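Worth knowing before you read on, the calculation uses all heavy atoms, side chains too, and leaves out hydrogens, waters and symmetry mates. Note that the structure is a prediction, hence the values are computed from the model and not measured.
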Amino acid sequence: MRFTDFLELSDNVYQLQDYRFVEQEFSTCVLAAQGGIGAYIHNVEFIRCASTLNSFWVGWGANLENVLIEDFDSKTVIDIETEACLNGVWIASKDPSAELSVKPGIISERQENREYAHEAFSMDITNFHGNVSIEGVDVERVSIDLGRHFKIYRDSFIDIDWKNYCQHIDINRSIWKIFVDSLRNSGVSRGVFSIPNSFAGEKLTLARKELDLLRRDGYISN
C-alpha cells in the first residue's frame, strides 16, 4: 500500500491522526500535498517500516506535528524538503548506514530566500546514528547529538585558508570544506552534518584531527 492510501480528506485537507505504523511495508511513502491539497499528519509513528521503492519523501504541503520516524529501513533515504512544516518531529535510527537529507526543494528554486523554515519548526535527531545532511533550516531548532552531529555556519568560514588547513594535516580534500561548499551551492547559510560513516581508519582520524583544529580556531563551536 501507499502511504497516501491512509489519508482521509476532511475540511479540505488530507489528514491522518493518532496512528501507529509498526513494520508496515509501503510501496511509496510520500508525505506532501495531493493535487494541491495539503496533508496534515498529527500524532503518527513509523516504527521499523519500509518502502519497496526505497521512497520516503516529505515535501511542500505537508504539515507534520508530533511525528516519530524510528528505524525506517536503511535502504531508504529519508528525504525532507524545507517547505514542509515540521513541528515536533523525531527521527531516530540505530543503523549507521541510514540516510537523512533535508534541503530546499523545487518551490525554493523560485524564491530569493532559500532558508524556508516555518516558525513552529522543530526536529530531533539526537538518536539518529546514520549519515546526516541538513541545509536551509534554523539549526538552533534541531536537537542533535553533539558528538555525532555538527552545526555549520557558512559565514564563519569566510576568511579560512583551506589550503593551509589541508596541508597542515596532509589531507587532499577536506570533508569540512565539502560541507561548507554544499551550503554555498544550495544558497543557504547554515546546516547540520555528520562525518560520513563510511570514513574509517586514517581517513576518520584525519577528519577528526581537522575538526579539532577548526574548533580550536572558532570555526565550529560544537
Side-chain angles (χ1 to χ4, degrees), residues 56-58 74 76-84 86 89 91-93 95-106 108-109 111 113-117 121-222:
F56 191 107
W57 178 63
V58 182
S74 62
T76 299
V77 175
I78 298 174
D79 195 356
I80 300 174
E81 293 186 349
T82 57
E83 293 80 12
L86 277 60
V89 175
I91 304 176
S93 177
D95 191 332
S97 65
E99 299 274 349
L100 170 63
S101 173
V102 180
K103 288 183 175 161
I106 295 174
S108 289
E109 297 289 350
Q111 298 176 342
N113 182 11
R114 300 273 285 156
E115 314 236 31
Y116 190 89
F121 171 83
S122 63
M123 176 188 292
D124 190 317
I125 61 168
T126 306
N127 293 313
F128 191 85
H129 293 200
N131 297 310
V132 170
S133 176
I134 298 176
E135 301 180 2
V137 301
D138 184 351
V139 299
E140 298 308 317
R141 298 186 184 184
V142 182
S143 298
I144 64 172
D145 179 337
L146 293 174
R148 182 179 292 114
H149 309 127
F150 307 94
K151 295 179 179 180
I152 304 293
Y153 297 86
R154 184 191 65 199
D155 290 348
S156 297
F157 293 82
I158 289 177
D159 64 347
I160 191 170
D161 181 357
W162 286 108
K163 184 176 180 181
N164 177 64
Y165 266 83
C166 292
Q167 287 181 345
H168 185 74
I169 61 172
D170 192 26
I171 189 173
N172 293 323
R173 196 173 184 200
S174 165
I175 187 63
W176 306 101
K177 183 178 185 299
I178 291 173
F179 293 155
V180 175
D181 287 346
S182 182
L183 294 176
R184 184 175 295 108
N185 292 336
S186 293
V188 300
S189 65
R190 51 198 172 176
V192 178
F193 300 90
S194 62
I195 298 175
N197 286 319
S198 60
F199 279 30
E202 184 180 6
K203 197 172 185 181
L204 177 60
T205 299
L206 291 174
R208 290 206 168 273
K209 185 175 181 180
E210 186 178 11
L211 173 61
D212 290 340
L213 292 174
L214 293 170
R215 281 173 166 163
R216 180 199 67 187
D217 294 339
Y219 293 105
I220 295 176
S221 59
N222 76 295

- Query: Distance from Arg154 atom CZ to Ser186 atom OG, nearest 0.5 Å?
  - Reply: 10.0 Å
- Do Phe150 and Trp176 have ring centres separated by under 6.0 Å? yes
- Query: Which heavy atom of Ser101 sits nearest a heavy atom of Val77, and at what distance?
  - Reply: CB-CG1, 4.3 Å
- Does the pair Lys209 and Asp212 meet the rule for a salt bridge (Lys or Arg N to Asp or Glu O under 4.0 Å), with working shown? CA-CA 5 Å; Lys209 185 175 181 180; Asp212 290 340; over 6 Å; no
- Nearest-0.5 Å distance, CD of residue Glu99 to OG1 of residue Thr76: 11.0 Å
- Message: Testing the 3.5 Å rule here: is there a donor-acceptor pair between the side chains of Asp95 and Ser93?
- Response: no
- Task: Could you tell me which non-hydrogen atom of Asn131 sits nearest to which non-hydrogen atom of Pro196, and how far apart they are?
- Result: OD1-CA, 3.4 Å
- Task: Taking all heavy atoms of Ser156 and all of Tyr219, pick out the closest pair and write down the distance.
- Result: O-CD2, 3.1 Å
- Item | Sub-4.5 Å side-chain heavy-atom contact between Ile80 and Leu100 | yes
- Message: Return the CZ to CG distance between Arg148 and Asn127, rounded to the nearest 0.5 Å.
- Response: 8.0 Å
- Message: I want to check something: taking the side chain as every heavy atom from C-beta on, are Asn222 and Ile220 in contact at a cut-off of under 4.5 Å?
- Response: yes
- Message: Taking Trp162's backbone N and O only, do any of them form a donor-acceptor pair with Lys177's side chain (distance below 3.5 Å, no angle check)?
- Response: no
- Query: Any idea which heavy atoms bring Tyr153 and Phe157 closest together, and the distance?
  - Reply: O-CD1, 3.3 Å
- Message: Nearest 0.5 angstrom please: Phe56 CZ to Ile78 CD1, how far?
- Response: 6.0 Å
- Task: Report yes if the side chains of Ile134 and Val139 come closer than 4.5 Å at any heavy-atom pair, otherwise no.
- Result: no
- Is a side-chain donor or acceptor of Arg190 paired with a backbone partner of Val137 at a separation under 3.5 angstrom? yes
- Could you give me the CA-CA distance, side-chain angles and deciding distance for Phe121 and Val142, then say whether side-chain contact (heavy atoms from CB on, under 4.5 Å) is met? CA-CA 9 Å; Phe121 171 83; Val142 182; 3.9 Å; yes
- Message: Rounded at 0.5 Å granularity, tell me how far OG1 in Thr82 sits from CG in Asp138.
- Response: 12.5 Å
- Query: Under 3.5 Å, side chain of Asp155 to main-chain N/O of Ser189, donor-acceptor pair present?
  - Reply: no
- Message: I need the minimum non-hydrogen distance between Ala92 and Phe128, along with the two atoms involved.
- Response: C-CD1, 4.0 Å
- Query: Closest heavy-atom contact between His149 and Ser194?
  - Reply: CD2-CB, 4.2 Å
- Any side-chain heavy-atom pair from Ile144 and Val132 closer than 4.5 angstrom? no
- Answer whether the closest heavy-atom distance between the side chains of Leu206 and Glu202 falls below 4.5 Å. yes
- Query: Heavy atoms, side chains only, cut-off 4.5 Å: are Leu214 and Ile160 in contact?
  - Reply: yes
- Query: At what distance, to the nearest 0.5 angstrom, does CD1 of Ile175 lie from CG of Leu211?
  - Reply: 12.0 Å
